[in-house]
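Worksheet: one structure, shown below.
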Amino acid sequence: MNLKIRKILTVREETRSEGGRDADRPLVKAAAIAVLGNPYAGLPYSDDLARITDTTYELGHLLASTAAETLGLEVESYGKASLVGVKGEIEHGVAHKIGEFGRGVRDAVGGEAWISSVSKRCGPGVQIDVPLAYKDEIWVRSHYDAFTLFVPDAPLADEVAVIVAVSSRGRLNDRVGGMTVEDVKNDVKNDVKNQETS
């Protein structure tokens, strides 16, 4: 990997009750954050961001596999984010987590759905809410969630912090209806059955 990583931070959170009710199983969230140099920080505008985009598969795979290992459970939801230091552009943060980055994430933890994403320019220690959604179908409402994170000493002005967050289940006490995980699994079963009989 050609990206210059200064540090990798992992975070894990386990929520066991919500609204005064104990969960049948805890909601566990985890994240891996890579703090790395922004090769375009402080430079004039450039159409070509290949110095970032050519290495995103490795970064996506590294962060997703590290987040999954930190979670210690099967991954049900995922999301991504970037924090860009003030000498960079928002586009530099976006460039770190598009294209091959998503393939790296999916190769590490599975998933078929679009990966929810957010980017923000800021100084060190600023919070970001990383959006989470079910990894196989974006429309599963029970898994719409977020993980609030920050890095105390990053990003520095010439850095980017790139984040992959994962969770073990949907929100505790979810009850607003909509498509469910079981609906998605049954659709997959029906698709396989239809292919076998056609």
Side-chain angles (χ1 to χ4, degrees), residues 1-15 27-71 75 77-105 108-109 114-133 135 138 143-167 171:
M1 189 182 313
N2 294 327
L3 297 172
K4 186 176 179 184
I5 296 177
R6 176 165 70 89
K7 68 190 298 184
I8 294 177
L9 173 70
T10 58
V11 182
R12 187 178 191 274
E13 172 186 278
E14 183 173 316
T15 304
L27 166 58
V28 183
K29 298 176 185 177
I33 307 166
V35 178
L36 48 129
N38 178 355
Y40 295 94
L43 298 180
Y45 174 89
S46 173
D47 281 326
D48 181 5
L49 298 178
R51 289 164 64 189
I52 295 172
T53 57
D54 285 352
T55 56
T56 57
Y57 176 88
E58 293 85 356
L59 183 61
H61 194 278
L62 171 68
L63 290 176
S65 58
T66 303
E69 183 178 336
T70 303
L71 186 73
V75 172
S77 296
Y78 52 30
K80 58 187 179 176
S82 58
L83 296 164
V84 184
V86 295
K87 287 187 178 178
E89 300 175 39
I90 290 291
E91 197 70 1
H92 299 158
V94 174
H96 278 89
K97 57 186 176 63
I98 61 164
E100 288 295 292
F101 184 93
R103 189 168 68 86
V105 170
V109 300
W114 177 78
I115 305 172
S116 300
S117 179
V118 66
S119 297
K120 182 176 187 176
R121 184 169 44 226
C122 61
V126 173
Q127 290 186 345
I128 191 164
D129 293 327
V130 184
L132 294 168
K135 69 182 179 66
I138 193 73
H143 287 56
Y144 294 165
D145 205 346
F147 195 10
T148 302
L149 300 164
F150 72 98
V151 186
D153 67 343
L156 300 178
D158 60 352
E159 291 181 328
V160 177
V162 183
I163 304 165
V164 170
V166 295
S167 71
R171 298 180 313 278

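Taking all atoms of both residues into account, the shortest heavy-atom contact from K135 to Y78 is O-OH, 3.2 Å. Of all heavy-atom pairs between P155 and A161, the closest is CB-N, 4.3 Å. Across A157 and A41, no two heavy atoms sit closer than the pair O-CB, 4.4 Å. For the residue pair T53 and A95, the shortest heavy atom distance occurs at CG2-O, 3.8 Å. V160 and G93 make their closest contact through CG1-CA, 4.3 Å (heavy atoms, listed as atom of the first residue, atom of the second, distance).
Two residues are said to be in side-chain contact when any heavy atoms from C-beta on lie closer than 4.5 Å; V105 and I115 meet this criterion. Contact of the I128 side chain with the F150 side chain is not registered, since no non-hydrogen atoms from C-beta on lie closer than 4.5 Å. Taking 4.5 Å as the limit, every side-chain heavy atom of P152 sits out of range of all side-chain heavy atoms of P124. Put simply, the side chain of R51 reaches to within 4.5 Å of the side chain of Y40, judged on heavy atoms. In this structure, N38 and E159 have side chains that are not in contact, with every pair of non-hydrogen atoms separated by 4.5 Å or more. In this structure, the side chains of T56 and I98 stay at 4.5 Å or more apart for every pair of heavy atoms. Residues S116 and L132 fail the side-chain proximity criterion, which asks for heavy atoms closer than 4.5 Å. A 4.5 Å side-chain heavy-atom check between S167 and L27 finds at least one atom pair inside the cut-off.
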**Request:** Step by step, work out the side chain to side chain contact (heavy atoms under 4.5 Å, CB included) result for L9 and V35.
**Result:** CA-CA 8 Å; L9 173 70; V35 178; over 6 Å; no

**Message:** Between H96 and L36, does the side chain to side chain contact (heavy atoms under 4.5 Å, CB included) criterion hold? Intermediate values first, please.
**Reply:** CA-CA 10 Å; H96 278 89; L36 48 129; 3.3 Å; yes

**Request:** Might you work through the side chain to side chain contact (heavy atoms under 4.5 Å, CB included) test for S119 and K97, ending with a clear yes or no?
**Result:** CA-CA 10 Å; S119 297; K97 57 186 176 63; 3.0 Å; yes

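R12 meets the salt bridge (charged side-chain N to carboxylate O under 4.0 Å, His left out) test with E14; sequence neighbours excluded. With sequence neighbours excluded, the residues forming a salt bridge (charged side-chain N to carboxylate O under 4.0 Å, His left out) with K29 are D145, listed by chain and number. For E91, there are no salt bridge (charged side-chain N to carboxylate O under 4.0 Å, His left out) partners two or more places apart in sequence or in a different chain. Residues meeting the ring pair (Phe, Tyr, Trp, His ring centres under 6.0 Å) test with H143, sequence neighbours left out: Y134.
F101 contributes atom CZ, which lies 8.5 Å from atom OG of S117 (distance to the nearest 0.5 angstrom). The CD atom of E100 sits 11.0 Å away from atom OG1 of T55, with the distance rounded to the nearest 0.5 Å. In this structure, CD1 on I163 lies 10.0 Å from CZ on F147, to the nearest 0.5 angstrom. Interatomic distance, CD1 of I138 versus CH2 of W114, reported as 5.5 Å (0.5 Å rounding). Atom NZ of K87 is separated from atom CG of L156 by 10.0 Å, given to the nearest 0.5 angstrom. Here the OG1-CD distance, from T15 to E13, works out to 4.5 Å after rounding to the nearest 0.5 Å.
For the pair R171 (side chain) and Y144 (backbone), a donor-acceptor distance under 3.5 Å is present.
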Got a list of side-chain donor-acceptor pairs under 3.5 Å for residues 59-70, not counting sequence neighbours?
unit_1: S65; atom_1: OG; unit_2: H61; atom_2: O; d: 2.7
unit_1: S65; atom_1: OG; unit_2: L62; atom_2: O; d: 3.1
unit_1: T66; atom_1: OG1; unit_2: L62; atom_2: O; d: 2.7
unit_1: T70; atom_1: OG1; unit_2: T66; atom_2: O; d: 2.8

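Screening residues 120-130 for side chain to side chain donor-acceptor pair (under 3.5 Å) gives D129-T148 as the qualifying pairs, with residues at least two apart or on separate chains.
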